[in-house]
Every structure is written in C-alpha cells, then in structure tokens.
Amino acid sequence: MNVLKVSRWTIAAFVLPCLLLYVCLVFIPILVSIYSGTLDWNGIGASKFVGFANYTKMFTNDSVFWPALGRTFLLAGFSMLVQVPIALFVAILISRYVRKPNFLVSSYFLPVILSVVVIGQLWKTIYNPASMGGMINQILIQLGLDSWTHSWLTEPKVAIFAVILVSLWQYLGYHILIQFTGIQNIPADIYEAAKIDGAEGFKADRYITLPMIVPIFKISVVLSFIGSLQSFDLIMVMTGGGPAHATDVISSHMYNMSFLSMKYGYGSAIATFLVFVCLLATLIINFLFSRLDKRYS
Amino acid sequence: MSQSVLIPATKPVIEQRRRGLSVKKTIVFIFFGILLVTQLYPLLWLLIYSLKTNEEILSGSFFAFPAIWQWENYANAVGGGKYWNYLSNSLFVTSITMAGVIFLSSLAAFAITRFRWKYGQVVMLIFLLGMMIPMQGTLLPLMVIFKNMNILNTHLSLILPYIAFQTPISVFILSGFMRTIPQEIEESAIMDGAGVFRIFRSIILPVSVPPIMTVCILTFINIWNEYIMAATFISSEKLKTLPFGVYSFVSQYSVNYGAIGAFLVLGALPVIIIYFLLAEKITKGMVAGAVKG
C-alpha cells in the first residue's frame with residue numbers, strides 16, 4: 001500500500017499537466033476525426049452532415065481504396081512472413097556462433113535509427129536509372145543483364161516491391177535485435193539441462209528457444225504489423241503514392257485525400273478506418289498468441 | 001558484391017583452423033558477412049557517391065573511388081547555411097521535447113505509482129490505450145486545431161504533439177520502474193519531514209536515472225527523425241527540421257548529384273555519431289521501448 005497520502009490539489013498538480021496535454025492532442029483529435037468522417041467538408045467552407053456516405057463511398061466507389069488496402073496487407077505480410085522469420089533465424093545463429101555479438105548486432109541495427117528521409121532518398125538514388133548513377137541498374141548492366149534493368153520506382157508493377165524491399169531492409173536489424181535480446185534472456189541452465197537429456201543444436205532450438213521466445217516473437221509480429229499499417233513516411237518520401245496510385249497504401253491515400261485533394265471529411269473517414277483496423281489487429285494478434293502461449297505452457 | 005563478402009568472413013576462417021571447427025561455422029559466418037554487407041554497403045556507397053563528380057557518378061563505375069575527393073560537394077551542401085539552420089531547428093525542437101517529456105511523464109508516473117488514491121490505474125489505462133493510436137489519425141484534426149490556435153507553422157505546433165505522443169510509452173517505462181522502489185524510502189523521508197515535492201525531486205528522480213535515460217533515447221530517435229508532422233505543420237524555410245530540410249534540399253537540387261549525396265550524409269551524420277558513442281545504450285533503450293510497448 002502506498003504511503004503518500006496527499007491532497008487532491010497535489011495529485012492534480014502531478015497528473016494533470018501530462019494527462020491534459022495527452023488527452024487534448026491524442027484522444028480528442030481522434031474523436032474529432034471520427035466526427036468529421038461523417039461530414040462533407042473541404043476544411044475551410046461550410047460542412048454538411050452526410051452520415052455514413054463517406055464510408056459507403058470508400059467501400060464501394062473508390063477505385064484506389066481496395067488496392068491500397070491490399071498493398072498495406074502485402075507490406076504487412078512480407079514483414080511478418082519474411083522479415084521477422086529471417087530475423088529470428090539470424091538471431092538464433094548469432095546467439096549460437098558469435099561470442100562477442102555486440103558489433104554484429106549493432107551494425108545490423110544501424111539503418112533503423114536513420115531518418116526515413118535519408119533512407120528513402122538513398123534508395124531512390126540506388127534505384128535511379130543507370131544513366132543517372134543508380135547502383136542496381138549499373139550492376140545489372142555490368143553483369144550483362146541489361147534486360148533486367150527497370151526504372152524501379154516509376155514502373156507501376158515493380159514500384160511497390162521496390163518500396164517494400166527498402167522497408168524490409170531498414171527494419172530487419174530492429175527485429176534481429178529484439179529477438180536476439182529475447183534469446184539472451186532465456187536462462188542458460190535450461191540449455192544445460194537439455195544437453196544432459198540429449199537435446200543440442202537445432203533440437204534445443206526447436207524445443208527450448210522457439211517456445212521460450214514466443215512472447216518476444218509476438219512483440220516483433222505486433223510491431224511489424226502495426227508498423228506496416230502505419231508506414232507511409234517511406235512511401236511519401238520515395239513515391240508519394242505514385243505512379244498513378246501504384247504504391248498508395250491506406251495511410252498515404254488518407255494523406256493525399258486530406259491534404260492534396262482537400263477532402264477533409266473523406267480523409268477523416270479513411271483515418272478513422274485506419275485507427276479501427278489498428279485496434280482490431282492488435283486485439284486479434286494478442287488473441288492468437290495467447291492461444292499459442294497456452295499450447296506451449 | 002561478392003568480393004567484399006569475403007573480407008568479414010576471413011577472420012572466423014582462421015579461428016576455425018586453429019580450433020578445428022566445422023564447415024558449418026564457416027557457412028554461418030559467410031552468411032553473417034553477406035548480411036553485414038547488405039545492411040551497411042548502401043551507406044558506404046552513399047559516402048563514396050557524395051565525394052564524386054557528376055561525371056564519375058554517371059559513368060557507371062559504382063565500386064570505384066573518386067579520382068579526386070570532391071570535398072566541394074560538402075561545401076556546396078553546407079553553403080548558404082541551410083544545413084546549420086535545419087540542424088539547429090532539430091536540436092531545439094528535440095531538446096525541448098525531451099525535457100518536456102521527462103518532466104511531465106515523471107510527474108505523472110510518480111503520482112500513478114506512489115500516491116494513495118483511487119484512480120491511479122484508470123489514468124494508467126488511459127495512457128496505455130494511447131499507445132495503440134496511430135499518429136496519422138490525428139494529423140488532420142491537429143492541423144485544424146493549430147490553425148485555430150494560430151500556432152500552425154511554429155515550432156510549438158511540433159513540440160506539443162511530439163510531447164503528447166511520447167508520453168504514453170514514457171509514463172509506462174517510468175512507472176514500471178518507480179513501482180519497484182521500496183516504500184520504506186518514503187516512510188523515512190516523511191519522518192524526516194520532507195514534503196511530496198521534496199521526495200520527488202531528491203529521492204525518486206535521482207534513483208530513476210536509468211529509465212529516464214531509456215526515455216531520453218527513445219524520444220530522441222523518434223523525434224529527431226520525425227518527418228510527416230514536420231512536413232504537414234511547418235511551411236517556412238527557416239523553421240524546418242533536419243529530415244524535412246533534407247527532403248526539400250534534395251528535391252531542389254536534382255542535378256547536382258554529389259551535393260545531394262553530401263547533404264544526405266550530413267543529414268544522417270548527427271545520429272550516426274551519437275550511435276557510435278552510445279550504441280549499446282541506444283540498442284538497449286530501443287528494445288526496452290519495443291518490449292514495453
């Protein structure tokens with residue numbers, strides 16, 4: 001039981017500055033966004049209440065929305081099914097084979113702390129046509145694979161994969177770090193006990209590392225999923241959603257609608273949808289992992 | 001790329017010979033080497049790129065070092081003083097945000113974990129809910145609110161939401177730590193006649209330095225690199241922070257490739273320097289942030 005009995009005013013002085021700022025700038029805007037999602041409003045003039053018309057339009061009459069949602073999940077899928085498992089594999093290898101892992105782990109981690117603007121512009125330069133100094137196309141030409149060269153960010157079919165690759169590249173180190181730390185925190189005596197029982201190497205990984213790392217693995221999955229749903233700074237920097245919406249995801253579509261097309265009401269409806277999907281996704285992932293947890297314990 | 005792959009892998013090969021270890025280990029270390037190259041080579045490439053002339057960049061010899069190191073690319077990038085302006089804006093916004101986050105969230109975390117009152121857990125729950133809210137959902141309403149408050153296109157319009165969005169995770173990390181401080185400390189402090197503010201300032205804050213460092217690191221990395229809010233709320237050239245500044249510089253100088261490269265290097269440099277100095281603290285802090293988020 002806490003010992004500090006203080007007056008109401010003291011409590012207010014400690015809690016309110018933080019709480020008020022937070023509620024006013026995070027919670028209330030979300031509520032405002034839910035409300036303005038029901039308006040036909042350009043942000044300046046008069047607004048008209050239209051009920052769910054924005055949502056009806058979004059689901060049935062917006063040629064960009066569904067492909068953008070699809071690409072959002074494509075990014076999330078790549079992140080969860082390619083990036084996170086590779087990271088787990090690398091983390092297991094590092095913890096098994098490297099005696100002083102700090103250098104390796106922090107080098108892999110370096111791209112994570114760089115600004116998305118720098119990363120995006122760097123890769124834009126790498127993806128440039130060979131005539132503009134782009135590295136990938138220059139390598140392909142030197143290997144004699146001229147036919148493989150692409151204008152990576154302006155061809156609608158490849159552009160989204162070019163962007164996804166950068167996102168996977170940048171955050172791979174983050175997931176390696178998280179899962180490596182998770183493995184390090186597994187008590188060493190469990191492995192020793194298993195060794196006596198004859199479980200070593202990959203067998204030990206299968207029956208000790210994997211079950212013990214489930215909670216950390218969950219964190220990686222949640223982060224990669226939520227991160228993918230929200231990631232649009234990279235897309236804004238690299239393509240702005242173009243060419244012709246070929247790299248639009250939900251949040252970049254929301255941004256373009258709100259700030260470029262000045263459809264505030266419609267943009268807010270998309271934003272509300274995004275918030276809702278984020279909450280729902282967190283709940284679903286938590287539910288799935290709590291079942292997985294039970295199975296293993 | 002295959003040439004440079006071998007370099008990081010040679011050392012383990014020697015070790016292996018000495019200890020007579022398996023082929024498996026060599027393969028694993030080659031794999032680590034390849035990964036190291038893919039993670040770091042683009043950054044190294046950018047550094048070399050930034051020191052070349054336009055002709056060298058366009059010639060297609062991407063592995064080659066520049067014939068003469070073009071330091072004037074950096075002079076061009078820094079010239080006009082824009083870089084220093086962006087840098088000082090970023091320093092200003094980030095440091096005020098860090099101070100604000102630490103001050104406000106440590107007060108709140110202290111009240112939530114150490115006071116005897118009914119609603120501590122409710123307040124905590126409100127903060128926890130906020131961690132799931134995506135920042136994009138608030139962009140538009142915040143812009144309207146700031147426009148009405150007449151603070152759009154000022155540094156205040158960045159600092160306020162930055163603090164607000166960093167508080168949930170900070171309160172969470174700090175209260176997680178403060179909960180573990182033994183009650184006896186306060187009991188004896190009260191006996192000695194210390195007031196609440198005194199206890200907070202002279203006892204709780206000093207012992208909470210490790211989690212405060214974690215909060216500092218998380219706030220620094222998140223806010224220093226923040227681009228979307230800066231690009232949405234700021235429009236004057238002299239107020240831009242570094243990421244937004246880098247973006248506008250690059251879009252303006254589309255033909256001087258070397259200078260663009262130099263500006264990108266300069267844009268990444270502050271964080272890279274800090275990372276070299278504090279790598280272990282930063283990785284620990286980021287893991288703490290991820291695990292607790």
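Quick note: numbers below take in every heavy atom, side chains included, and nothing from hydrogens, waters or symmetry partners. Protein chains get the first letters and strands the later ones, always in sequence-line order, with residue 1 at the start of each.
Contact of the P111(A) side chain with the Q39(B) side chain is registered, since non-hydrogen atoms from C-beta on lie closer than 4.5 Å. Contact of the F31(B) side chain with the Y97(A) side chain is not registered, since no non-hydrogen atoms from C-beta on lie closer than 4.5 Å.
Separating the OG atom in S258(A) from the CG atom in L139(B) is a distance of 8.0 Å, to the nearest 0.5 Å.
Proximity to chain B (any heavy atom under 4.5 Å) is restricted, for S251(A), to the side chain, taken from C-beta onward. Residue contact with chain B, scored on non-hydrogen atoms closer than 4.5 Å, is absent for F276(A). Looking at V265(B), neither its backbone nor its side chain comes within 4.5 Å of chain A, counting heavy atoms on both sides. Of the two parts of F273(A), neither the backbone nor the side chain holds a non-hydrogen atom closer than 4.5 Å to a non-hydrogen atom of chain B. Looking at I250(A), neither its backbone nor its side chain comes within 4.5 Å of chain B, counting heavy atoms on both sides. For L31(A), no part lies under 4.5 angstrom from a heavy atom of chain B. For a residue to count as touching a neighbouring chain, one of its non-hydrogen atoms must lie under 4.5 Å from one of that chain's; by this rule I226(A) does not touch chain B. With a 4.5 angstrom heavy-atom cutoff, F180(A) does not touch chain B via any of its atoms. In this structure, the portions of M236(A) lying under 4.5 Å from any heavy atom of chain B include both its backbone and its side chain. Contacts between N102(A) and chain B at a heavy-atom distance below 4.5 Å involve the side chain alone, from C-beta outward.
Between chain B and the residues L279(A), T181(A), L122(A), L16(A), the largest count of heavy-atom pairs under 4.5 Å involves L122(A). Comparing V26(A), I119(A), I178(A), N137(A) by how many heavy-atom pairs each has under 4.5 Å with chain B, the most go to V26(A). The residue among V171(B), I274(B), T113(B) with the most heavy atom pairs within less than 4.5 Å of chain A is T113(B). Contact count versus chain B (heavy atoms, under 4.5 Å) is highest, among V15(A), T10(A), T125(A), L223(A), for T125(A).
For P141(B) against V32(A), the heavy-atom pair with the smallest separation is CB-CG1, 3.9 Å.
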| Worked check of ring-ring contact (aromatic ring centres under 6.0 Å, His included) between F232(A) and Y227(B) | CA-CA 11 Å; F232(A) 79 127; Y227(B) 164 70; 9.0 Å; no
| task | Give the intermediate values and the outcome of ring-ring contact (aromatic ring centres under 6.0 Å, His included) for residues F165(B) and Y22(A). | result | CA-CA 7 Å; F165(B) 273 94; Y22(A) 166 69; 8.1 Å; no
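Listed by chain and residue number, Q230(A), V275(A), C278(A), Q136(B) satisfy the side chain to side chain contact (heavy atoms under 4.5 Å, CB included) test with P134(B) (two or more places apart in sequence, or in another chain).
The aromatic rings of F32(B) and Y108(A) lie tilted to each other, with the angle between the two planes from 30° to 60°. Taking the six-membered ring where the residue is Trp, F200(B) and F14(A) present perpendicular rings, their angle passing 60° and hence far from 30°.
One side chain, T232(B) or Y255(A), offers a donor N or O that lies under 3.5 Å from an acceptor on the other.
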